[in-house]
Amino acid sequence: MGDLDQLYQELILDHARRRVGSGLAPAEGLSADHHERNPVCGDEITLRVRVDGDRIRDVSWEGEGCSISQASASMLSQLVTERAPLPRNEASALIDGFRTALRSRGTMELDEDVYEDAAALTGVSKYTARVKCAMLAWVALEAALAALDG
Amino acid sequence: MGDLDQLYQELILDHARRRVGSGLAPAEGLSADHHERNPVCGDEITLRVRVDGDRIRDVSWEGEGCSISQASASMLSQLVTERAPLPRNEASALIDGFRTALRSRGTMELDEDVYEDAAALTGVSKYTARVKCAMLAWVALEAALAALDG
Amino acid sequence: MTIPTETIDLAAVRADFPALHREVDGCPLIYLDSAATAQRPQSVIDAELAFVTGANAAVHRGAHTLAAEATDLFEDARATVAGFVGAAPEQLVWTSGATAALNTAAYAIGAAGLVREGDEVVVTEAEHHANLIPWQQLASRTGAVLRHIPVHEDGTIDVSAAASVISSRTRVVAFAHVSNVLGIVNPVADLVALAHGVGAIAVMDACQSAPHLPLDLPGLGVDLAAFSGHKMLGPNGIGALYGTAELLDALPPVFTGGSMVTTVTLETAEFLPAPHRFEAGTQPVSQAVGLAEAVRYLDRLDMGAVHARERMLEQRMREGLRGIDGVRLLGDADAERIALCAFAVDGVHAHDVGQFLDARGIAVRVGHHCAQPLHRRFGPAATVRASAGVYTTEDEIDALIDAVGAVRGYFGAA
Amino acid sequence: MTIPTETIDLAAVRADFPALHREVDGCPLIYLDSAATAQRPQSVIDAELAFVTGANAAVHRGAHTLAAEATDLFEDARATVAGFVGAAPEQLVWTSGATAALNTAAYAIGAAGLVREGDEVVVTEAEHHANLIPWQQLASRTGAVLRHIPVHEDGTIDVSAAASVISSRTRVVAFAHVSNVLGIVNPVADLVALAHGVGAIAVMDACQSAPHLPLDLPGLGVDLAAFSGHKMLGPNGIGALYGTAELLDALPPVFTGGSMVTTVTLETAEFLPAPHRFEAGTQPVSQAVGLAEAVRYLDRLDMGAVHARERMLEQRMREGLRGIDGVRLLGDADAERIALCAFAVDGVHAHDVGQFLDARGIAVRVGHHCAQPLHRRFGPAATVRASAGVYTTEDEIDALIDAVGAVRGYFGAA
Ligand SMILES: Cc1ncc(COP(=O)(O)O)c(C=O)c1O
Ligand SMILES: Cc1ncc(COP(=O)(O)O)c(C=O)c1O
């Protein structure tokens, strides 16, 4: 598999098309929104996290962007929502680990058992210019969770 | 004679000490003053030209500066005053010729028959950083003459 | 064009550019991002190197030999670069780049009181942020109003709209000679006539014309102009603000410091005449020397020949891209142009297109190219921009077209 | 000093600097003008060259491989240079040099409303014009009053005067870490304490300390600081503005344009956080990469060892010059210093002294060294300044002393 095919795996292109969690869920109960933008390419996302106390019920989003950013939002939404109710601190740990791996310039891998489909984004870490695309939704979730505390 | 001795000929050092024309003459009759400054080294000169119609009676000056700038003012004053009454257009021609030679980067010489002692400043044209020093009084005279017309 | 394109020996030109001979992911580099920054010929690199290892010294400051040599080289460089744009040396102010030049212009115009509350400043809809935001900021500092000239769907400036936007309240009209997204040469004569008709200052962003067309700034009649060295085969960190003698003399300095003053006391400072008044601090001397060599290089190629060759590349690129299903060009007017196309690919995000091209060694730029308002006007938030330089070959254009043709298939969008 | 000076192998160091090996008028060059601009080691030249021929591209803008490589190098360079002065990467704003950094600081402080009518801005009498005129201009833009801290006859800052000049009206205290004429290390802790005691911003000009002393900007407690690459073995056209995170976040951008924005419409622009907010336009990337290599070079020498060696050279130079009849040193305090002396020779103008030294291959600077107020305070309009670098030898200092000793005889002034 060439480098490009490694980056654009079928799973990624598929998530980019399916966009799991896209369309904001109604803001019932406790929820927080965050809008995040990549100034370089203009990609943007509005992400909504709905919680029950310190557990996350689901993550939904709306946005525009490249296939990496769309796939990543889709994968994040699927990962969190499938594990719901997910403790917020576990979500934070997931985000931290994701960031570390993506910033590793190809030296670290995302564990499939932990990150499920999102583990396919491992290859992005070799493309420093694309790390921001893959991080967009994750940063938005981090900010939305922080807003809940603020 | 080394390059340095060529630049600092006895005649130049001598003029720098004697400072012919230094001390402003009384501003009787028609006269114009000009103050000129070399911002790089802080050298300055106030030059006074006294005229009779379109002829120059004399040039006097006051100033501070390096030996080149002092000698040059002294030589200019002597040259103009000895030829008094010197037609103003002849003085302008002298200034133009002096500037051209000094800017020639060592490729032109000042004619001793025309420039007398000031011809010794020929060597300055090889030192582009010093051309401004040698020009200081001459530029001041040019500006003073222009002020008479203005 | 009367000059035949054959006057440029492309193999010889390409041999002059060391950066072109690298590989990307195992493919030979196809550099189509010259509008962002151009590569430099060896002679420019050598000129900087010779300076740095030989005459490296601060200018206008010392009596020692190195300083005198550096000063001579610096002022010779000014004369050379000024000559390249038809100007006198005193009309050329060195800056760190076009952005600094345009900001200096905007601050100086404001500080001179040439724009005041209620006045209007006019820009076009197609400006690079560097020729937009400084004017927004000037307007907000002074209480002036910023207005804009729209562009037609085909990318050309709406000159009749310009005639109504520009009014007796207009003090500044700022526009690009060539937009960095549309690649179209703007109607400078019309804009200058409109500006001067109401006594406004005409400011031209020449970033994308200086590397590609013969440029005669006094002939164009603009009052101020800006360009960047790194886009015209020269070093980074150097650019220029051109101005008419009258205007430069009327403008105060913006950044202040060493080497631009006459008398300084603790209370006040007096400033040198232009251009030195605008050049505070240690100047980028090696870069000025490098830029002078860059314009000599361009002069040796002959800017008429460069322009003729670019027209040919431009047509090849535009026709080729236009023929691809699902590719939409921004501003497809058959106007005078440089060899630059910005485009969107249906169903594939620009970033993904760029990545796909990069995997074939083709370097293009993706994003809004510092022209968000223009992108908003045309729709896509991000586009792909391919831009040629003096070293670009027909084969490289063909490789681009070929690759773009394969994009939608790869991403399943066709 | 606990670090022995022997840790620096001077022959090896000198071999690293190609520019030192030229001749002037048949004499080997003795370069004693490092305070104006320092020469560069081959590794700095090579780092720039490798960038220009290899990864040359605009940063933070493209998806292509070259652009990604350039961006990585640029941000790595920021981290390296920030680390050299004890700072975090986000605290370091790239500028074209110290002058641009200080002007940016002054404009931003004014635009933020941190200095208003009736407020006071305090500088010292010993400032370089680059750390004086921008504050004069800020005062005149805002209606603030500029006040100054005098220096003693021995060149040291009058700290007790500072304590009375700095008052509750003071908003900014700007001072050099080391004056470029006196060479004395100023009492930064005292000045910072006085500034912070009244809630004022402490701005430090680190141009002459960064190349010579171990520098820990957060440790010194200053709020803003500026330095220039070309004085610390790096390229021209690059420098930095350092700031505390809080202050940088509170300051608006000064120059605006590409690469420093988030959302831009025709009407308004939103800006990125610091440091990018202050970095409008294409950045001097090769120069940043070169400066990073310069500080790595200095780190390899070890700044403690550099400083120790300089103290030795400084004492040798000052003692030697002091012993010459008719030579008057400006600011002869036995304080902590760098190896730099400015002096006047009785009966011989500084320009003539400089010319005489140049004929022996000795490059010094003559004039007011962009510090006219300080010269006015000490008397002579122009002085001669000799300044050492990491590559300066004892023999060179001795040659200087020898030559200065012969000046008055030559000009018939002895
Ligand atoms: C049209 C145009 N104007 C201004 C600029 C800004 O130039 P620089 O970034 O070199 O300051 C650019 C390039 O980025 C440009 O293409
Ligand atoms: C103390 C001091 N401050 C500021 C500057 C200005 O630095 P630059 O000219 O590199 O902007 C200099 C050098 O000229 C200096 O010595």
Side-chain angles (χ1 to χ4, degrees), chain C residues 18-19 22 24 33 36-37 39-40 45 52-54 56-58 61-66 96-100 103 125 128-130 133-134 136-137 148 228 230 236-237 255-258 261 264-266 268-269 280-282 284-287 351 354-355 358 363-367 370 372-373, chain D residues 18-19 22 24 33 36-37 39-40 45 52-54 56-58 61-66 96-100 103 125 128-130 133-134 136-137 148 228 230 236-237 255-258 261 264-266 268-269 280-282 284-287 351 354-355 358 363-367 370 372-373:
Chain C
R22 65 169 273 179
V24 169
D33 197 17
T37 205
Q39 301 301 339
R40 304 176 205 173
I45 295 168
V52 165
T53 57
N56 191 32
R61 289 187 172 188
H64 63 75
T65 300
L66 261 63
S96 62
T99 300
N103 277 278
E125 205 177 3
H128 187 281
H129 295 162
I133 311 178
Q136 291 178 348
Q137 297 272 312
H148 73 271
S228 273
H230 69 96
N236 232 317
F255 278 5
T256 53
V261 294
V264 179
T265 66
L266 281 167
T268 60
T282 304
V285 188
S286 69
Q287 290 90 337
H351 237 146
Q355 198 77 56
D358 188 53
V364 295
R365 184 151 163 215
V366 299
C370 301
Q372 288 183 24
Chain D
R22 64 169 275 178
V24 170
D33 196 17
T37 205
Q39 300 302 340
R40 303 175 206 173
I45 295 169
V52 165
T53 57
N56 189 34
R61 289 185 171 189
H64 63 75
T65 301
L66 260 63
S96 62
T99 299
N103 277 277
E125 205 178 2
H128 188 283
H129 294 162
I133 311 179
Q136 291 179 348
Q137 298 271 312
H148 72 272
S228 273
H230 69 96
N236 231 317
F255 278 5
T256 53
V261 294
V264 179
T265 66
L266 281 166
T268 59
T282 304
V285 188
S286 69
Q287 290 89 338
H351 237 146
Q355 198 77 58
D358 187 53
V364 295
R365 186 153 163 213
V366 298
C370 302
Q372 288 183 25

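A quick note: this is a predicted structure, and the numbers were derived from the prediction, not measured. Chain A is the first sequence line, chain B the second, and so forth, proteins listed ahead of strands; every chain is numbered from 1.
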Using side chain to side chain contact (heavy atoms under 4.5 Å, CB included) as the criterion, list what pairs up with C:P373, not counting sequence neighbours. C:H129, C:L132, D:V264, D:L266

For the OG atom of D:S96 and the CD atom of C:Q287, what is their distance to the nearest 0.5 Å? 10.0 Å

C:P284 versus D:G237, closest heavy-atom pair with distance: CB-CA, 4.5 Å

Which is it for D:T256 and C:N103 under the side chain to side chain contact (heavy atoms under 4.5 Å, CB included) test, yes or no, and what are the steps along the way? CA-CA 7 Å; D:T256 53; C:N103 277 278; 3.5 Å; yes

Is it the side chain or the backbone of D:A98 that comes within 4.5 Å of chain C heavy atoms, both, or neither? neither

What residues form a side chain to side chain contact (heavy atoms under 4.5 Å, CB included) with D:T268, not counting sequence neighbours? D:T265

Of all heavy-atom pairs linking D:A19 and C:V52, the shortest is CB-O, 3.8 Å

